[in-house]
**Student:** 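Structure in structure tokens, see below.
One-based numbering, in listed order, for ligands and for the atoms of each. As a basis for the values below, the full set of heavy atoms in this structure was taken, side chains included, without hydrogen atoms, waters or symmetry mates.
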Amino acid sequence: MPIVLKSRDEIAIMREAGRINAEVLQVLVDCLRPGLVEKELDEIVRKEFKKRSVTPAFLGYQGYPATVCVSINEEIVHGIPGDREIGDGDIVSIDLGCVRKGFVADSAVTVAVGNVSPEGRRLIEVTRESLRRGIEAARAGVRLGNIGAAIQAYAEGEGFSVVREYVGHGVGRQMHEDPQVPNYGNSDSGPVLKEGMVIAIEPMVNVGGWRTKRDSDNWTVRTLDGSLSAHFEHTIAIRDGEAEVLTLP
Ligand code: MF3
Ligand code: CO
């Protein structure tokens, strides 16, 4: 069951979790530059989370070994921050989750570092806009499929493809709760969205085809055809009939 926020306290804590996650994600974005070693991002998260009295949602999740996912260029999601340096012209996806008093917030952005190709920049903008449209489609009383349909129509209309094998999700007391929130599919399908529901919407958009493969590290997911991929994610709550974005600083 997805979390449905009832008490004022629960809403307040989810808002805190979302704000803190967004603040720390912004700290990471501000650090990005060619030559930064991926692992440094993990170290920053540990320090910034401690300062803000939250714990990492990802560390130890199904054995995941870091606090943050760093996925570069044709990597889609779940890249483990390692000894690799970020290069000039890379597009870098950063995905972060925190736990505040038992409540989870989850969000992601893709950033152009240095001299990125026009296609890479357009991919980032289209993916950001597809998330905005997905959020706009999330309203009390409509079916969940409206979200994915809005994302898919826009991203495909721009000539890109939408990843199928990884999806958004309910979030709150657990990082991954029901329902799944696909970034594709038919409007008027799926469960009806209700006041107080909390979900993470997270389109992953590829320049080439939608198919993926996983590395031998069992985490890193990349495009099968080697094309660029971008990822944006927000945690939202349905409040007063509309989506309230919780993961804003
Ligand atoms: N934010 C990611 C998602 O919702 C979770 C990362 S999985 C982890 O898919 F193992 F890295 F935590
Ligand atoms: Co997520």
Side-chain angles (χ1 to χ4, degrees), residues 2-3 14 17-18 20-22 24-26 28-29 38-39 41-46 49 54-72 75-82 84 92-100 103-111 127-128 130-132 134-135 138 144 147-148 151 162-184 197-206 210 212-223 229-237 243 245-248:
I3 186 176
M14 273 305 295
I20 291 168
N21 208 62
V24 176
L25 189 53
Q26 190 58 47
L28 299 178
V29 167
E38 290 175 337
K39 265 186 181 162
L41 294 169
D42 181 73
E43 285 157 19
I44 294 163
V45 172
R46 288 172 198 249
F49 273 8
V54 296
T55 56
F58 296 179
L59 186 65
Y61 179 83
Q62 294 181 6
Y64 186 72
T67 61
V68 58
C69 300
V70 182
S71 309
I72 299 183
E75 297 172 359
I76 302 169
V77 285
H78 302 169
I80 301 169
R84 179 172 53 169
V92 181
S93 302
I94 308 178
D95 190 349
L96 187 66
C98 76
V99 187
R100 172 83 161 182
F103 289 87
V104 182
D106 187 6
S107 55
V109 290
T110 300
V111 178
T127 310
R128 190 200 313 277
S130 75
L131 172 57
R132 196 193 65 74
I135 291 170
L144 185 101
I147 298 171
I151 290 169
V162 169
V163 170
R164 310 276 203 272
E165 287 126 329
Y166 299 85
V167 297
H169 48 92
V171 57
R173 292 187 186 280
Q174 233 84 65
M175 181 160 62
H176 290 150
E177 299 182 3
D178 288 341
Q180 293 199 348
V181 183
N183 300 298
Y184 59 94
M197 277 175 72
V198 182
I199 57 175
I201 306 176
E202 50 178 317
M204 289 145 268
V205 177
N206 302 346
W210 56 264
T212 70
K213 64 180 173 191
R214 208 152 49 130
D215 285 4
S216 56
D217 67 9
N218 266 317
W219 282 104
T220 312
V221 178
R222 60 180 68 240
T223 57
S229 184
H231 177 212
F232 282 83
E233 176 176 24
H234 274 306
T235 296
I236 66 132
V245 180
L246 300 176
T247 40
L248 287 177

**Student:** Applying the ring pair (Phe, Tyr, Trp, His ring centres under 6.0 Å) test to Trp219, which of Phe58, Tyr64, Tyr61 qualifies?
**Tutor:**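 The single option meeting the ring pair (Phe, Tyr, Trp, His ring centres under 6.0 Å) with Trp219 is Tyr64.
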**Student:** Would you call Gln174 and Val104 a side-chain contact if the rule is heavy atoms closer than 4.5 Å?
**Tutor:**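 Answer no - side chains too far apart.
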**Student:** For Thr235, give me all partners under side-chain contact (heavy atoms from CB on, under 4.5 Å), at least two apart in sequence or on another chain.
**Tutor:**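 Once residues adjacent in sequence are excluded, the partners of Thr235 under the side-chain contact (heavy atoms from CB on, under 4.5 Å) criterion are Met14, Asp106, Val171, Val198, Ala200, Leu246, Thr247.
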**Student:** With no hydrogens and no angle check, do the side chains of Thr110 and Ser93 hold a donor and an acceptor under 3.5 Å apart?
**Tutor:**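 On atom types as modelled, these side chains qualify, holding a pair under 3.5 Å.
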**Student:** Can you check whether Ile151 reaches Tyr184 side chain to side chain, under 4.5 Å on heavy atoms?
**Tutor:**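 Sidechains of Tyr184 and Ile151: no contact.
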**Student:** Is it the case that the side chains of Glu177 and His169 hold a donor-acceptor pair, with the cut-off being a distance below 3.5 Å and no angle test?
**Tutor:**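 Result is no, nothing qualifies.
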**Student:** Can you name the side-chain hydrogen bond (donor to acceptor under 3.5 Å, both in side chains) partners of Glu38, sequence neighbours left out?
**Tutor:**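 Per chain and number, Glu38 pairs via side-chain hydrogen bond (donor to acceptor under 3.5 Å, both in side chains) with Arg84.
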**Student:** Tell me, which residues have any heavy atom less than 4.0 Å from some atom of ligand 1?
**Tutor:**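 Close residues (ligand 1, cut-off 4.0 Å): Phe58, Tyr61, Tyr64, Cys69, His78, Asp95, Asp106, His169, Met175, His176, Glu202, Trp219, Glu233.
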**Student:** Could you check if a side-chain atom of Val181 sits within less than 4.5 angstrom of a side-chain atom of Ile199, using non-hydrogen atoms only?
**Tutor:**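 Side chain of Val181 against side chain of Ile199, heavy atoms only: contact under 4.5 Å found.
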**Student:** Side chains of Ser107 and Glu233: any donor to acceptor distance under 3.5 Å?
**Tutor:**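 No.
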**Student:** The Co ion (ligand 2): which protein N, O or S atoms are under 2.8 Å away?
**Tutor:**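 The answer, once waters are left aside, is Asp106 OD2, His169 NE2, Glu202 OE2, Glu233 OE2.
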